[in-house]
Amino acid sequence: MPGELIGKRVAVLVDNHYQELEVWYPLLRLREAGAEVFTVGPEAGSTYKSKLGYPVKADRAIANVVVDDFDGLVIPGGWAPDHMRRNPKFALLIADADRATKTIGAICHGAWMLCSAKMLKGRRATAFFSIKDDLVNAGADFVDAEVVVDRNLVTSRIPGDLPAFCRAIISVMVVADTVSGTTNFSQPQT
């Protein structure tokens with residue numbers, strides 16, 4: 001429903017070799033829901049290319065973003081997370097967001113960043129099947145499902161899961177907003 005995220009801010013992490021749909025689908029869908037969505041990359045104003053060369057411009061630099069700047073965070077897949085992992089500021093921001101119970105969505109190889117943020121121990125999550133071992137070794141209970149919600153964490157596997165992924169992100173953000181002064185997340189679900 002359009003407007004359900006009015007007043008919310010969502011950061012989408014970007015770097016070179018991102019998966020096109022995993023940046024643009026959530027970015028546009030969350031804007032459609034009323035959120036202010038901005039991109040965060042290594043350098044503000046720089047352009048980062050997808051695996052197929054499609055450009056996205058970083059609105060803000062990772063060095064200048066703090067957890068209070070957003071209500072939700074989206075981590076796309078492709079090979080961009082492998083680039084992001086090389087800059088510790090990305091993992092620190094994600095870990096800070098988790099401690100602050102901000103909504104965090106990671107799809108496909110984006111879950112690599114959850115491993116780097118050291119936030120998966122005892123949590124249910126999914127990702128592209130080839131990084132299952134990485135998630136399990138980071139302490140996650142891996143579930144092969146189109147979307148897995150564990151408190152403030154929303155994970156999905158592939159671009160085909162994007163509709164369910166975005167619905168879940170919106171739902172978690174709305175639930176977090178409906179409880180005055182606290183965050184109330186439902187039980188983990190598949």
Side-chain angles (χ1 to χ4, degrees), residues 1-15 18-42 44-45 48 56-77 80-81 84 89-108 110-111 113-114 117 119-120 123-126 146-156 159 161-189:
M1 173 179 356
E4 59 220 311
L5 296 183
I6 290 175
K8 296 292 181 189
R9 296 162 297 162
V10 178
V12 177
L13 302 183
V14 297
D15 207 329
Y18 69 89
Q19 204 290 336
E20 298 78 13
L21 292 173
E22 293 169 1
V23 165
W24 289 100
Y25 189 109
L27 186 145
L28 296 171
R29 177 63 188 97
L30 297 171
R31 281 183 182 161
E32 179 183 53
E36 173 193 337
V37 183
F38 57 91
T39 54
V40 178
Y48 298 93
V56 63
K57 184 177 175 183
D59 298 316
R60 301 183 189 183
I62 187 66
N64 300 326
V65 176
V66 295
V67 74
D68 290 336
D69 291 342
F70 56 85
D71 304 292
L73 180 67
V74 175
I75 311 164
M84 289 179 210
K89 291 177 182 168
F90 281 101
L92 288 172
L93 182 67
I94 294 164
D96 287 346
D98 190 46
R99 278 190 292 278
T101 64
K102 303 286 182 157
T103 302
I104 300 170
I107 187 166
C108 196
M113 294 305 300
L114 306 177
M119 57 175 279
L120 288 176
R123 297 186 74 178
R124 293 167 40 104
T126 195
E146 72 177 353
V147 67
V148 176
V149 176
D150 188 325
R151 301 185 307 263
N152 62 314
L153 178 62
V154 178
T155 53
S156 284
D161 297 339
L162 281 162
F165 179 64
C166 289
R167 280 192 305 272
I169 289 171
I170 292 167
S171 177
V172 170
M173 289 184 76
V174 167
V175 167
D177 194 39
T178 59
V179 180
S180 61
T182 62
T183 304
N184 180 21
F185 297 105
S186 61
Q187 292 296 316
Q189 54 183 293

(message) Between Pro42 and Tyr48, is there a side-chain heavy-atom distance shorter than 4.5 Å?
(response) yes

(message) Test your reading of the model: is there a side-chain donor-acceptor pair from Ser156 to the backbone of Ile107, 3.5 Å cut-off?
(response) no

(request) I would like to know whether Phe70 and Val10 meet side-chain contact (heavy atoms from CB on, under 4.5 Å); could you show each step before the answer? (result) CA-CA 5 Å; Phe70 56 85; Val10 178; 6.0 Å; no

(message) Would the distance check show the side chain of Lys102 and the main-chain N or O of Leu73 forming a donor-acceptor pair, the cut-off being under 3.5 Å?
(response) no

(request) Give the C-alpha distance, both sets of side-chain angles, the deciding distance and a yes or no for side-chain contact (heavy atoms from CB on, under 4.5 Å) between Asp69 and Val40. (result) CA-CA 11 Å; Asp69 291 342; Val40 178; over 6 Å; no

(request) Check whether any side-chain N or O of Gln19 sits under 3.5 Å from a backbone N or O of Gly77 as a donor-acceptor pair, and report yes or no. (result) no

(request) Report the distance from atom CG of Leu153 to atom CD1 of Ile169, rounding to the nearest 0.5 Å. (result) 10.0 Å

(request) Indicate yes or no for a side-chain donor-acceptor contact from Thr126 to the backbone of Val147 under 3.5 Å, with no hydrogens or angles considered. (result) no

(request) Specify the closest pair of heavy atoms between Val154 and Phe165, including all atoms of both residues, with the distance to one decimal. (result) O-CE1, 3.7 Å

(message) Please check this pair: side chain of Arg123 against backbone of Asp150, looking for a donor-acceptor N/O pair closer than 3.5 Å.
(response) yes

(request) Check whether any side-chain heavy atom of Trp24 lies under 4.5 Å from a side-chain heavy atom of Pro76, and answer yes or no. (result) no

(request) Ignoring hydrogens and angles, tell me if any N or O in the side chain of Arg124 forms a donor-acceptor pair with the backbone of Val148 under 3.5 Å. (result) no

(request) For residues Val74 and Leu27, determine if any side-chain heavy atom of one lies less than 4.5 Å from a side-chain heavy atom of the other. (result) no

(message) Using every non-hydrogen atom in the two residues, find where Met113 and Phe90 come nearest and quote the distance to one decimal.
(response) CE-CB, 3.5 Å

(message) Testing the basics here: between Ala111 and Ala106, what is the closest heavy-atom pair and its distance to 0.1 Å?
(response) N-CB, 4.0 Å

(message) One pair to check against side-chain contact (heavy atoms from CB on, under 4.5 Å): Leu13 and Ile94. What are the steps and the verdict?
(response) CA-CA 10 Å; Leu13 302 183; Ile94 294 164; 3.9 Å; yes

(message) Could you work out, with salt bridge (charged side-chain N to carboxylate O under 4.0 Å, His left out) as the rule, every residue matching Asp59, not counting sequence neighbours?
(response) none

(message) On a heavy-atom basis, which atom in Pro26 and which in Cys166 lie closest, and how many Å separate them?
(response) CA-SG, 3.7 Å

(request) Nearest 0.5 Å please: distance from the CG atom of Asp98 over to the CD1 atom of Ile104. (result) 4.5 Å

(message) For Arg167, is there an ion pair with Glu4 - N to carboxylate O distance below 4.0 angstrom?
(response) no

(request) Please lay out, stage by stage, how Ile170 and Arg29 fare under the test side-chain contact (heavy atoms from CB on, under 4.5 Å). (result) CA-CA 9 Å; Ile170 292 167; Arg29 177 63 188 97; 3.6 Å; yes

(request) Output the distance between atom CG (Leu120) and atom CG (Leu114), rounded to the nearest 0.5 Å. (result) 5.0 Å

(request) Could you tell me the separation between the CZ atom of Arg9 and the CE atom of Met173, rounded to the nearest 0.5 Å? (result) 9.5 Å

(message) Side chains of Thr103 and Asp71, heavy atoms from C-beta outward: is any pair under 4.5 Å?
(response) no

